[in-house]
There are 2 protein chains.
Amino acid sequence: MSSRNSRKRILDAALDLITRRGEAAASMAEIAGAAGVSRQAVYLHFADRAALMLALVRHADEQRGLEREVRKIREASNAVAALREMVAVHARMNPGIWAAARAVDAVRRTDQAAERSWQDRLKYRLEGCRQLVARLHNEGSLRRGLDSSVAADLLWTLTSLRTWEDLVLERGWSARRYQTHVTALLLAGLTNAGN
Amino acid sequence: MSSRNSRKRILDAALDLITRRGEAAASMAEIAGAAGVSRQAVYLHFADRAALMLALVRHADEQRGLEREVRKIREASNAVAALREMVAVHARMNPGIWAAARAVDAVRRTDQAAERSWQDRLKYRLEGCRQLVARLHNEGSLRRGLDSSVAADLLWTLTSLRTWEDLVLERGWSARRYQTHVTALLLAGLTNAGN
DNA sequence: GGTAAACTTGACATCGTGTCAAGTACAGTC
DNA sequence: GACTGTACTTGACACGATGTCAAGTTTACC
């Protein structure tokens with residue numbers, strides 16, 4: 001059963017490679033080399049580059065325990081606490097995810113399968129945002145006069161990987177700084193509490 | 001003086017091509033073909049793909065009258081009005097800029113010249129955000145307890161092309177919806193006024 | 001008519017992706 | 001101990017894109 005082993009080794013190597021160098025794209029040959037398999041072996045496990053990148057994101061999610069983190073948000077004692085937790089989860093998880101996500105973002109423009117999977121991911125996160133906004137609404141915390149779908153979209157954008165990238169990678173914010181001020185902005189913009 | 005003509009024709013064709021198809025990247029050969037010149041002629045005017053893409057963004061800026069729009073922000077009667085105008089400018093300009101900017105964003109990861117130019121652009125916009133925040137501060141409109149540099153970074157992120165992309169392209173917001181709610185969020189998050 | 005700049009033509013090197021075919025290593029099975 | 005299937009390797013190939021080079025052509029200007 002060397003199959004699963006190779007597959008995992010390829011994903012680990014690719015994740016390591018992409019995460020390590022951040023921006024620069026790793027070629028299939030490099031990934032194969034890093035995993036200690038032939039270039040063709042990669043194609044035995046993944047149809048093409050897009051498929052590998054998609055598997056990579058899922059792999060990164062698993063390794064980081066995404067589900068458990070998401071559960072934490074849902075299990076928060078109230079809506080505002082859930083919102084705080086959501087930002088905290090992003091502050092914790094994004095450093096390990098962004099490189100792989102970036103790679104998919106790059107490939108999705110030419111690959112319809114990658115694009116579909118990307119959209120799925122977006123919808124999934126959007127759904128989480130909707131639920132959180134609904135909870136804010138139910139608890140009377142949603143800013144008066146603010147449409148729920150608008151609030152969900154704003155929450156979704158402000159907790160996106162891109163916003164995180166801008167603030168943390170581009171502007172050099174620490175995880176703590178990111179968490180503090182994005183939370184504050186969301187509380188000020190979406191809830192009644194002025195924080 | 002066919003030099004400037006060809007250069008302009010190439011830029012026009014490239015902008016048209018990239019804007020039209022949005023996502024998919026246009027090859028040098030396609031751009032040359034669309035401009036009605038040989039592939040090599042493109043290399044006579046632009047050192048490489050990155051140089052072309054950079055020139056493209058500047059070209060798009062000029063065509064859209066970026067400077068005049070930016071001046072409008074500075075000439076607003078007060079800081080809050082300037083903030084409103086800033087979002088309005090983005091709502092107006094981004095549709096014509098984003099495709100070209102996207103192309104540079106894609107190329108900057110492998111090209112240091114593109115990366116530098118991209119950073120210049122970011123700093124320029126950030127400087128505008130800093131000035132606006134300083135003005136808010138001077139006029140006593142900046143939210144109490146909010147650090148100026150934090151406020152500038154938040155303003156910068158919320159008025160970024162990426163945020164615009166998320167809301168308008170991904171979530172299907174109209175320009176008007178974008179302008180209204182991003183402005184409201186900024187007013188709620190960065191100023192004392194509750195909108 | 002001569003010259004220089006802009007441009008074309010066609011060839012070429014390089015690199016990355018993806019495919020194909022033949023061979024090897026190593027299970028488990030009779 | 002041969003038999004077979006699966007995972008994997010090796011090496012070749014087609015394709016498309018970028019970027020370079022050299023030689024020829026057009027055009028405008030003097």
Side-chain angles (χ1 to χ4, degrees), chain A residues 1-14 17-18 20-56 99-100 102-115 117, chain B residues 1-14 17-18 20-56 99-100 102-115 117:
Chain A
M1 199 125 306
S2 181
S3 164
R4 279 236 178 92
N5 276 343
S6 269
R7 190 186 149 91
K8 186 175 181 309
R9 267 200 309 175
I10 292 167
L11 288 174
D12 283 338
L17 215 67
I18 288 182
R20 193 188 304 282
R21 60 172 69 174
E23 7 172 292
S27 72
M28 298 296 267
E30 278 176 311
I31 292 169
V37 300
S38 67
R39 195 166 71 87
Q40 274 47 38
V42 178
Y43 285 99
L44 291 178
H45 291 282
F46 307 96
D48 52 24
R49 182 160 230 281
L52 199 171
M53 293 306 156
L54 286 172
L56 207 55
R102 251 293 177 210
V104 174
D105 191 28
V107 94
R108 82 185 168 107
R109 273 152 229 293
T110 56
D111 185 287
Q112 66 282 58
E115 174 66 18
S117 170
Chain B
M1 199 122 303
S2 180
S3 164
R4 279 233 180 94
N5 276 340
S6 268
R7 192 188 148 91
K8 186 173 182 310
R9 267 201 307 178
I10 292 167
L11 287 174
D12 284 338
L17 216 67
I18 288 182
R20 193 189 305 281
R21 61 172 69 173
E23 9 171 295
S27 73
M28 298 297 265
E30 277 177 312
I31 292 169
V37 299
S38 68
R39 194 167 71 86
Q40 273 50 35
V42 178
Y43 285 98
L44 291 178
H45 291 283
F46 308 95
D48 53 24
R49 183 161 230 280
L52 199 170
M53 292 306 158
L54 286 172
L56 208 55
R102 252 290 177 214
V104 174
D105 191 28
V107 96
R108 80 185 168 108
R109 272 153 230 292
T110 56
D111 184 287
Q112 66 282 59
E115 175 66 18
S117 170

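Sequence lines set the chain letters: A, B, ... in the order given, protein chains first and strands last, and positions in each chain run from 1.
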Here the distance between atom C1' of C/dC15 and atom CD of A/Glu30, to the nearest Å, is 12 Å

Rounded to the Å, how far apart are B/Leu44 CG and C/dA5 C1'? 10 Å

Taking D/dT9, C/dG18, C/dC7 as options, the one with an atom nearest any side-chain atom of B/His45 is C/dC7

What nucleotide, of D/dG19, C/dT8, C/dG18, holds the atom closest to the side chain of B/Ala41? C/dT8

Nearest to side-chain heavy atoms of B/Arg39, which nucleotide of C/dC7, D/dG19, D/dT9: D/dG19

Go through the N and O atoms of the side chain of A/Gln40 and the base of C/dT19, and report whether any donor-acceptor pair is under 3.5 Å. yes

State plainly whether the residues A/Asp105 and A/Arg102 are in salt-bridge range, i.e. N to O under 4.0 Å. yes

Counting only side-chain nitrogens and oxygens, does B/Ser6 get under 4.0 Å of the OP1 or OP2 atom of C/dA6? no

With a 4.5 Å heavy-atom cut-off, do A/Phe46 and A/Leu11 have their side chains touching? yes

What is the distance, rounded to the nearest whole Å, between atom CZ of B/Arg7 and atom P of C/dA5? 19 Å

C/dC15 phosphate, OP1 or OP2: any side-chain N/O from A/Ser27 under 4.0 angstrom? no

Report yes if the side chains of B/Leu56 and B/Val104 come closer than 4.5 Å at any heavy-atom pair, otherwise no. no

On DNA chain D, check which nucleotide each of B/Asp48 and A/Val42 is closest to and give me the residue with the more 5' one. A/Val42

Between C/dT17 atom P and A/Leu52 atom CG, what is the distance in whole Å? 10 Å

Report yes if the side chains of B/Leu52 and B/Met28 come closer than 4.5 Å at any heavy-atom pair, otherwise no. yes

Side chains of A/Ile10 and A/Arg7 in contact at under 4.5 Å (non-hydrogen atoms): no

Any idea which of C/dG18, D/dT20, C/dT8 is nearest the B/Ser38 side chain? C/dT8

Would you mind reading off the distance between A/Tyr43 atom OH and C/dA21 atom P, rounded to a whole angstrom? 17 Å

In whole Å, I'd like the distance from the CZ atom of A/Phe46 to the C1' atom of D/dC8. 15 Å

Tell me: CD1 of B/Ile31 to P of D/dG19, nearest whole Å? 11 Å

